[in-house]
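Taking it in order: structure first as structure tokens, then the write-up.
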Amino acid sequence: MTQTGVPQERKLVTAIPGPRSEELLARRNAAVAQGVSIGLPVFVTAAGGGIVVDVDGNQLIDLGSGIAVVNVGNANPAVAAAVATQAAAFTHTCFMVTPYEGYVAVCEALNRLTPGDFEKRSALFNSGAEAVENAVKIARAYTKRQAVVVFDHGYHGRTNLTMALTAKNMPYKHSFGPFAPEVYRLPMSYPYRDEDAGLDASGPAAAARALSVLDKQVGAGNVAALIIEPIQGEGGFIEPAPGFLAAVAEYCRANGIVFVADEIQTGFGRTGHLFASEHEGIVPDLVTTAKGIAGGMPLAAVTGRAEIMDAAHAGGLGGTYGGNPVACAAALAAIEEIERRDLAGRARRIGEIMLPVLTGLAERHSFVGNVRGRGAMLAVELVEPGTTTPAAQLAGAVNKACHQRGLVTLSCGTYGNVLRFLPPLVIGEDLLTEALDLITDAFDEVAKSLPAAEAAPSPRPDTD
Ligand SMILES: *Cc1c(COP(=O)(O)O)cnc(C)c1O
């Protein structure tokens, strides 16, 4: 499926991490700020397709894509070639000083690909957080209002304004305040936990609860923007109940609020559509993108209705590096790969392969509370056996057991109890099947460590 030079085969030749990684870890501890933490301490020398190679010669199966970034595969050959060609021509001029075609071409592509067939404009930035900040600037300039509304479990970045927009204290906000004012948080539709709380978990009912808070505590007329991830990422891969997003979008339309879909994690084919808003036919006013946009090069964007995007005055938006020419060349190559190889279709196929196995885990283990996700954005929420109480320790244990088996896996969630799977969309099906067997093993191993009465897994079905 992928023309990478990296052998598409899992191989463990040392413990995880191995001795060379341990050496580098010691150097890292002496040189790198502790605030920048590491999930799986194997130091990487190469990666491609579905494999990450470390300094000890281990080859791990990639189920993280560098947090949903390398959707087209790591060091995708088309992306690498575009980067090399552009870097040899020129690496930077600053688009605001002397412009270049690549920036314009990326904006044209985003205007064409994002939901909505109205006239659009885009602006390019370096990181997802920067895109979200600029969406707020633009919405405030357009509406002449100040308030920004976000949701429980939402994640929008680590800069000052986006820390305020992000829900979770640890590790994102703790000790870093004060935060930006005029940010208000609404309850999210979280079907698994809404049901558990005895609430009506339907989308329209959850939207009514959220919009009532907005109405009573903020006042629609004060709200510049409502920002929502169509499927929440860091907060736990929470997929709102059907009808929730539509009701929220409709309220925004009726009240002159700029509806911003933060598609930074869900975008570029990840969920089986190019953008997750498309699953329910939602058409946002503005879309923020980053992560999957450029095959691993840092780039981000805000795209949306021309009249909103053009509300910010000339010189009001920008930055030294925003839309760097090398990153733009990478984005054009990545977007071409996504379209030409129908990687959104590949994401759907990945979901078809993975979801039944993950659902099987929930049937066998009483500590698997909920399995959810779309396409190649899938999650398993872990709970204390037989309850709905979040079990972060168990998620950590399964995650670690996956690492030991040569899988790059990640956890997430407000309660830290969600394992998430984000394979590159170009991963081979044999690697995916092998990864699912190893995930099943990892769950079994953790089940064995539980008190017998609680754990007893039902017999393992034949997964092949
Ligand atoms: C990762 C992420 C961000 C922040 O992007 P950075 O590039 O890390 O600044 C914002 N929103 C969502 C939904 C994300 O997943």
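Just follow the structure's listing: the first ligand is 1, and inside any ligand the first atom is 1.
Ring geometry, Tyr190 versus Tyr192: the interplanar angle falls from 30° to 60°, so the pair is classed tilted. Ring planes of Phe151 and Phe244: perpendicular class, angle over 60° (limits at 30 and 60°). Between Phe367 and Phe443, the ring planes are parallel. Angles under 30° get that label, and only those over 60° would be called perpendicular.
From the protein, the heavy atom lying nearest to atom 7 (O) of ligand 1 is Gly128 N, 2.7 Å. Closest to atom 4 (C) of ligand 1 among all protein heavy atoms lies Ala129 N, 3.6 Å. If you check which protein heavy atom lies closest to atom 1 (C) of ligand 1, you get Lys291 NZ, 1.5 Å. The protein non-hydrogen atom at the shortest distance from atom 11 (N) of ligand 1 is Asp262 OD2, 2.7 Å.
Relative to the ring axis of Tyr155, Lys168 does not place its NZ or CZ within 45° and under 6.0 Å from the centre. Judged by the 6.0 Å and 45° rule, Lys120 forms a cation-pi pair with Phe118.
At a 4.0 Å heavy-atom cut-off, ligand 1 does not touch Arg158 at all.
Between the side chains of Thr162 and Glu133, not a single donor N or O lies within less than 3.5 Å of an accepting N or O.
At least one N or O atom of Gln265, backbone or side chain, sits closer than 3.5 Å to an N or O atom of ligand 1. Taking distance alone, with nitrogen or oxygen atoms compared against 3.5 Å, Glu130 stays at or beyond that limit from ligand 1.
Applying the 4.0 Å criterion to heavy atoms of Glu229 picks out, from ligand 1, the atoms 13 (C).
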